[in-house]
Trainee: 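Provided herewith is a single structure, encoded as structure tokens, for subsequent inquiry.
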Number of protein chains: 2
Amino acid sequence: MSGLRERKKAATRAALSWAAIRLTVERGFEAVKVEDIAEAASVSPRTFNNYFASKAEAIVSRHLDRSRRVARALRARPSQEPLWTAIGAAVQEQFAPEPGVGRSPETSPAGWASGLRAMLAEPALQGELLRAGAVAQADLAAAVAERTGTDLDRDMYPHLVAAAVGAAVSVVTQHFLRAGPGVPVDRLLAEALARIAAGLPTP
Amino acid sequence: MSGLRERKKAATRAALSWAAIRLTVERGFEAVKVEDIAEAASVSPRTFNNYFASKAEAIVSRHLDRSRRVARALRARPSQEPLWTAIGAAVQEQFAPEPGVGRSPETSPAGWASGLRAMLAEPALQGELLRAGAVAQADLAAAVAERTGTDLDRDMYPHLVAAAVGAAVSVVTQHFLRAGPGVPVDRLLAEALARIAAGLPTP
DNA sequence: CGCAAATATGCGCGCCCCGCAACTTCTCCG
DNA sequence: CGGAGAAGTTGCGGGGCGCGCATATTTGCG
């Protein structure tokens with residue numbers, strides 16, 4: 001069912017989200033009006049709100065989509081694989097650095113990075129970002145429950161695993177933004193997940 | 001420095017937060033206007049925004065305060081105590097059920113509980129709640145760094161520990177609201193923390 | 001008691017989010 | 001292939017909200 005309609009809708013959604021991100025990184029969250037985003041996506045302001053309930057939602061939309069794919073990736077792993085091995089692979093698969101994407105041609109890498117930091121420092125964005133993480137965790141918990149034969153309603157286990165994975169991703173992201181790209185993301189992710197799977201003993 | 005000024009300010013803040021919570025539980029988030037909260041606290045609407053930047057912030061304020069106390073409690077534990085023992089105690093200390101508090105005299109326990117659920121289901125609230133958790137985690141990470149002699153900027157370890165604890169608290173809360181008070185909170189918390197400290201092995 | 005600082009309040013602006021009612025574009029089936 | 005109907009877009013308008021600014025009031029202190 002990928003008619004013209006669906007494709008156009010997806011395109012508009014992506015254009016809006018991308019415009020929201022780009023403009024916010026360039027000018028700052030407060031300085032970007034919904035009208036600007038709509039215009040950048042060649043759409044009426046009213047239409048913006050048909051796709052997203054807020055500026056923050058639009059900006060976070062990409063992160064949300066990517067995070068939700070982790071659960072799908074986990075289901076695709078062979079079922080005889082140990083849980084934490086499968087989780088590690090599923091996460092790496094989604095958070096691998098995408099070649100070429102993620103920067104506007106007009107902006108210098110340095111300016112982009114600092115704009116990104118400023119954007120992620122925005123309180124309104126942080127809340128939305130964490131909410132996106134929570135949504136993704138619900139998906140992931142379901143996948144974990146399937147794989148381990150636990151009950152989503154009665155057992156805390158799948159929720160704990162999902163929350164721990166979310167915590168790892170979040171911590172790695174923050175660390176990466178704080179310390180800069182000295183160490184590649186996949187190494188950091190592997191380290192974080194390994195520590196958690198080891199019970200976080202005092203080093 | 002606890003002059004009349006400070007005490008009055010704290011009282012107003014508490015009154016506003018409490019009014020926000022009570023009214024939201026009774027009527028629902030959308031149905032409560034800032035004006036109502038201000039009136040319930042005998043304060044002008046403009047003053048509300050001198051204390052809180054949004055309705056959500058006011059509602060979450062109590063949860064935030066409580067969560068931040070965990071770090072303080074951890075510092076107060078004897079330093080020869082094993083890390084996870086100390087953390088368990090510090091968390092339990094803050095999230096122990098408070099006798100008598102937490103309900104308006106006018107409302108039935110059942111109505112209050114269902115109102116609470118509805119309130120916590122509100123997207124805007126969830127974001128703010130998670131943000132509060134993130135703030136508390138920063139405090140907690142600092143306390144963990146002190147205790148374990150790790151570096152907040154260079155090591156992910158203290159952040160991972162704090163995030164894991166936050167995840168545990170969050171999961172327990174959700175489970176408690178989902179399954180009802182069949183099992184006491186302190187048992188659930190103990191179980192969640194124990195599982196994390198054990199590395200979340202598949203059960 | 002009286003002044004300086006902190007706080008509370010009133011006013012007004014700009015923006016955001018959404019419901020509603022046309023209007024346009026796509027889909028699907030006879 | 002053509003027209004009915006579904007789905008998407010847009011303009012309009014309103015209710016609230018968050019906040020800057022100026023003013024009035026209260027508190028702390030000498």
Side-chain angles (χ1 to χ4, degrees), chain A residues 1-21 23-24 27-61 64 119 121-128 131-132, chain B residues 1-21 23-24 27-61 64 119 121-128 131-132:
Chain A
M1 288 303 153
S2 71
L4 213 188
R5 230 172 182 123
E6 328 268 338
R7 270 179 290 125
K8 254 185 130 175
K9 214 177 153 179
T12 303
R13 189 182 187 79
L16 282 171
S17 177
W18 173 244
I21 294 173
L23 292 175
T24 301
R27 306 185 203 166
F29 187 74
E30 296 294 329
V32 178
K33 321 253 166 283
V34 169
E35 190 188 341
D36 303 332
I37 301 172
E39 194 190 15
S42 311
V43 150
S44 96
R46 181 63 184 86
T47 295
F48 173 88
N49 282 88
N50 289 343
Y51 283 88
F52 301 107
S54 71
K55 260 192 295 178
E57 201 179 303
I59 292 171
V60 167
S61 156
L64 176 59
M119 181 174 97
E122 199 70 32
L125 266 285
Q126 287 184 6
E128 202 65 30
R131 264 209 25 225
Chain B
M1 288 303 161
S2 72
L4 212 187
R5 229 169 178 127
E6 328 268 340
R7 270 179 289 127
K8 252 185 133 173
K9 214 176 154 182
T12 302
R13 190 183 185 80
L16 281 172
S17 177
W18 174 245
I21 294 173
L23 292 175
T24 301
R27 306 185 203 165
F29 187 74
E30 295 295 330
V32 177
K33 321 250 166 288
V34 168
E35 189 188 342
D36 303 333
I37 302 172
E39 193 190 16
S42 311
V43 152
S44 93
R46 181 63 183 86
T47 295
F48 173 88
N49 281 87
N50 288 344
Y51 283 88
F52 301 106
S54 71
K55 262 193 291 179
E57 201 179 302
I59 292 172
V60 168
S61 153
L64 175 59
M119 181 173 97
E122 200 69 32
L125 266 285
Q126 287 183 4
E128 201 65 30
R131 266 210 23 228

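Note on naming: letters A, B, ... go to the chains in the order of the sequence lines (proteins, then strands), and numbering restarts at 1 for each one.
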Trainee: Supply the atom-to-atom distance B:Ser44 OG to B:Asn50 CG, rounded to the nearest 0.5 angstrom.
Mentor: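 Answer rounded to 0.5 Å: 7.5 Å.
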Trainee: Compare every heavy atom of B:Ala56 with every heavy atom of B:Ala124, then report the nearest pair and how far apart it is.
Mentor: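 Shortest heavy-atom separation between B:Ala124 and B:Ala56 comes out as O-CB, 4.2 Å.
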Trainee: Where each pair must be Watson-Crick or G-U wobble with both distances under 3.5 Å, what dot-bracket representation of DNA chain D is obtained, with crossing pairs in [ ] and other-strand partners as |?
Mentor: ||||||||||||||||||||||||||||||
Trainee: Tell me, with the steps shown, if A:Lys9 and A:Glu6 meet salt bridge (charged side-chain N to carboxylate O under 4.0 Å, His left out).
Mentor: CA-CA 5 Å; A:Lys9 214 177 153 179; A:Glu6 328 268 338; over 6 Å; no
Trainee: Show the nearest heavy-atom pair for residues A:Ile59 and A:Met119, with the distance to one decimal.
Mentor: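 Closest pair (atom of A:Ile59, atom of A:Met119, distance): CG2-CE, 3.8 Å.
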Trainee: Please state how far atom OH in A:Tyr51 lies from atom C1' in C:dC17, giving the value in whole angstrom units.
Mentor: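 So the two atoms are 17 Å apart, to the nearest Å.
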Trainee: Could you run through nucleotides 15-22 of chain D and give me one letter per nucleotide, 5' to 3': B if any protein heavy atom sits under 4.0 Å from the base, S if only the sugar-phosphate is that close, - if neither?
Mentor: -SSSBBB-
Trainee: Under 4.0 Å from OP1 or OP2 of C:dA8: is there any side-chain N or O of B:Thr47 that close?
Mentor: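 So the side-chain polar atoms of B:Thr47 never come under 4.0 Å of the phosphate oxygens OP1 or OP2 of C:dA8.
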Trainee: Measure the distance from NZ on A:Lys9 to P on D:dA7 and round it to the nearest whole Å.
Mentor: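 Computing the A:Lys9:NZ to D:dA7:P distance gives 10 Å.
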Trainee: Could you tell me how far apart A:Leu16 (CG) and C:dC17 (C1') are, to the nearest whole angstrom?
Mentor: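 The answer, rounded to whole Å, is 15 Å.
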Trainee: If you check every side-chain atom of B:Val43, which of D:dT26, D:dT9, C:dT9 has the closest atom?
Mentor: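 Within the option list, the nearest is C:dT9.
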Trainee: What's the NZ-P distance between A:Lys8 and D:dA6, to the nearest Å?
Mentor: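 Answer to the nearest Å: 20 Å.
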Trainee: To the nearest 0.5 Å, what is the distance between CD1 on B:Ile37 and CH2 on B:Trp18?
Mentor: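 Here the interatomic distance stands at 13.0 Å.
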Trainee: To the nearest 0.5 angstrom, please state how far the CZ atom of B:Phe52 sits from the OG atom of B:Ser17.
Mentor: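 Here the rounded value is 5.0 Å.
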Trainee: Expressed as a whole number of angstroms, how long is the span from B:Arg13:CZ to C:dA8:C1'?
Mentor: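 Answer to the nearest Å: 16 Å.
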Trainee: I need the A:Ser54 OG to A:Phe48 CZ distance, nearest 0.5 Å.
Mentor: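 Output value for this atom pair is 7.0 Å.
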Trainee: Out of curiosity, B:Lys55 NZ to B:Leu23 CG, how far, rounded to the nearest 0.5 Å?
Mentor: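 Answer rounded to 0.5 Å: 10.5 Å.
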